[in-house]
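Below is one structure, written out as structure tokens; the observations come after it.
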Amino acid sequence: QVVFDPALGTGQLGMTAELNPRVMRIGSGVMNSEQELAATIAHELRHSRAYAGSGLNTEPAAEAAENALRDYIQGKR
């Protein structure tokens, strides 16, 4: 589930908590760009899946998921 969280500022685009990994919170910093929103969801989904036991839960792993989607959107993959 993706929910808008106005408490997240432009410095923090999204957040997924270990206590509730099925909810991805998205801040206002991604609302002006569909590509940024999609990339942030991919990033947070990596964290969510890691909390469920699937793969690494590191920023580099989440950034790799985000960048892979960006490349796909831009036709690089």
So, do [X] and [Y] sit near enough that their side-chain heavy atoms are less than 4.5 Å apart?
X   : Y   : result
H43 : E63 : yes
I26 : I41 : yes
M31 : F4  : yes

Honestly curious: do L37 and I73 fall in one hydrophobic cluster under the side-chain, below-4.5 Å linking rule? no
State plainly whether one hydrophobic cluster holds both Y51 and M15, where clusters connect Ile, Leu, Val, Met, Phe, Trp and Tyr through side-chain heavy atoms under 4.5 angstrom apart. no
Look only at the side chain of E44 and the backbone of T16, and say whether a donor-acceptor pair between them is shorter than 3.5 Å. yes
Take atom CD of E34 as the centre, draw a 6.0 Å sphere, and report whether it contains more than 12 heavy atoms from other residues, nucleotides or ligands. no
How close do A61 and L56 get, counting heavy atoms only, and between which atoms? CB-O, 3.9 Å
For G55 versus A50, what's the shortest heavy-atom pair and its separation? O-CB, 3.8 Å
Would E18 and H47 count as having a side-chain donor-acceptor pair, cut-off 3.5 Å? no
Assess the residue pair V3 and V23 against the criterion (side-chain contact (heavy atoms from CB on, under 4.5 Å)); give the C-alpha distance rounded to whole Å, side-chain angles, the decisive distance to 0.1 Å, and a yes or no. CA-CA 7 Å; V3 297; V23 176; 3.7 Å; yes
Going from CE on M24 to OG on S48, what distance comes out if it is rounded to the nearest 0.5 angstrom? 5.5 Å
Step-by-step side-chain contact (heavy atoms from CB on, under 4.5 Å) determination, L69 to Q35: CA-CA 9 Å; L69 181 61; Q35 183 174 341; over 6 Å; no
Decide salt bridge (Lys or Arg N to Asp or Glu O under 4.0 Å) for E36 and R70; before the verdict, give the C-alpha distance in whole Å, the side-chain angles of both, and the deciding distance to 0.1 Å. CA-CA 9 Å; E36 192 63 41; R70 285 184 196 277; 3.1 Å; yes
Between E66 and T40, does a side-chain contact (heavy atoms from CB on, under 4.5 Å) hold up when you go through it step by step? CA-CA 7 Å; E66 177 182 339; T40 300; 5.7 Å; no
